[in-house]
Protein chains: 2
Amino acid sequence: MAEKQRHSWVAIRDSIREMILNSTYGPGDKLPRDEEFAARFGCARSTVHRAMRDLAQSGIVERRRKGGTTVRRDPVTRATLNIPITRLEVEQKGSVYRYQLIRQSMQPSPPAIMANFGLHEARPMLRVEALHLADSRPYIFEDRWICVETVPEIASVDLSRESANEWLVRNRPYSKCDLRLYARTGTSTDSEILQSEVGDALFVMERTTWISDAPITSLCAVARPGYQLFTQG
Amino acid sequence: MAEKQRHSWVAIRDSIREMILNSTYGPGDKLPRDEEFAARFGCARSTVHRAMRDLAQSGIVERRRKGGTTVRRDPVTRATLNIPITRLEVEQKGSVYRYQLIRQSMQPSPPAIMANFGLHEARPMLRVEALHLADSRPYIFEDRWICVETVPEIASVDLSRESANEWLVRNRPYSKCDLRLYARTGTSTDSEILQSEVGDALFVMERTTWISDAPITSLCAVARPGYQLFTQG
DNA sequence: TACATTAATATGTAGCTACATATTCTTGTC
DNA sequence: GACAAGAATATGTAGCTACATATTAATGTA
């Protein structure tokens, strides 16, 4: 049945996904080669490839050279989080953003930060504690460690004017980013800085970034009570 | 200088990103056309296109047909969260998984759920409250609403044996997924179900899925104290 | 049998052409 | 000047070929 239309990679992707969903190919099964699919659908291999890449990225299948394509045994839900610069997040909500440097000092990386980076030896780092405010009320407190070997320029940045968050995002790309999210009970220290109550449930985001294996920054951001993180925009 | 090598799309992408980072092109600036870049790099337009798609996806640039490519004014950090089936998450930690159906009933969708789906009228839904356990200790409690119009087969599934989580992931693809994460202070109800203390900080994940505008399920999952969500795997 | 070398193979990438599609810009008409 | 119709243009997609790369399978030798 030489069909003429419907050769878009989106359609092909949906067809293949449909087959996986109705158990034509079950979890762990090996899918036909791209070429085989191309022949079946009457399209080019590149189109199948495009579809497959999308399926692989969304976590439905796994691809390995020579190994072929297999249906993932453990389907995952993949969600993309958009983490904007805090200033923009605040401004987008119509609030006035303000930033306040609390403390900054040079310190060798403590074990917890070394663990985040996967380092075996301590390195000199710049520790920056700062507060982001929305309408003069505390919004997010961040405790950040910056590797001065990877980012020497940070020494010449006036962090009382510009937040490390913003400077790094604007000036340092990263090739890898690890994220950890959890809830924590607020301590008295938190309540002082965030003007929250002791015992409040606080949302914590830990973020560590590298540029091709070289550590850039690792930070722990604690949000004020009521903070929510969304997917999309 | 007709360079021969270095035409991989990754290299092209890095070159362009580098230019954006060293302010050759600043935030809001329009980049040259793909073809122009291709001529400059001495590669094919398709290679530039590939590089650009990657930059667009990672949130560095924005592309619009005819409008061209512009450097995003507000760089974002994009992180992909892998949310596995709860059973697999538990088993991967080496714990024994158990699942317990607490309650299930047909109810019209309440306002909060309608809001999640963006519905204007109530629809008949199956509400399922269930508990996931790790080593016989509460792990995640989920309060789930399933749209029976979109997923009629759910009526014939024995939800005391198989979790709705697992059945849906395995049987119902979704085309859109909204996610909301936040921290909440544990109530007495939570402490009963999760065996936590009243006042504990609890991590909450709200997830809503659709298949091309048709609502599938919306759920609120509350994790036991100490739970963490990671990127990657 | 053990192990290194080689062949086979499925996916990945680079390059090309041609056409599709969505905007923006231009032009024409009132 | 306002607005609609049409031309121009940058990105998006489909198809093709050729080659690269990773990994498994086969083969040969001690």
All side chain to side chain contact (heavy atoms under 4.5 Å, CB included) counterparts of A:Leu88, not counting sequence neighbours: A:Ile85, A:Glu91, B:Asp74

Non-neighbouring partners of B:Arg207 that pass salt bridge (Lys or Arg N to Asp or Glu O under 4.0 Å), sequence neighbours left out: none

Side chains of A:Tyr99 and A:Glu166, donor plus acceptor under 3.5 Å: no

B:Phe41 CZ to C:dG15 P, straight-line distance once rounded to whole Å: 12 Å

List the atom pairs, donor and acceptor, that lie under 3.5 Å between side-chain atoms in residues 111-124 of chain A and the rest of the protein, sequence neighbours left out.
residue, atom, partner, partner atom, Å
A:Asn116, ND2, A:Ser218, OG, 3.0
A:Arg123, NH1, A:Glu149, OE1, 3.4

Within residues 45-57 of chain A: residues closer than 4.0 Å to DNA chain C (heavy atoms): A:Arg45, A:His49

Sequence-aligned protein contact record of nucleotides 3-10 of chain D, with B where the base is within under 4.0 Å of a protein heavy atom and S where only the sugar-phosphate is: -----BBB

Nearest-angstrom distance from the residue atom CD1 of B:Ile12 to C1' of C:dG15: 12 Å

Atom CG of B:Asp158 with >12 non-hydrogen neighbours under 6.0 angstrom: yes

Residue pairs involving residues 44-53 of chain B (criterion side-chain hydrogen bond (donor to acceptor under 3.5 Å, both in side chains); sequence neighbours excluded): B:His49-B:Arg63

B:Ser15 side chain vs B:Ala11 backbone, donor-acceptor pair below 3.5 Å: yes

CA sep, side-chain torsions, deciding dist, call: B:Ser58, B:Arg78, side chain to side chain contact (heavy atoms under 4.5 Å, CB included): CA-CA 6 Å; B:Ser58 60; B:Arg78 290 228 167 110; 5.7 Å; no

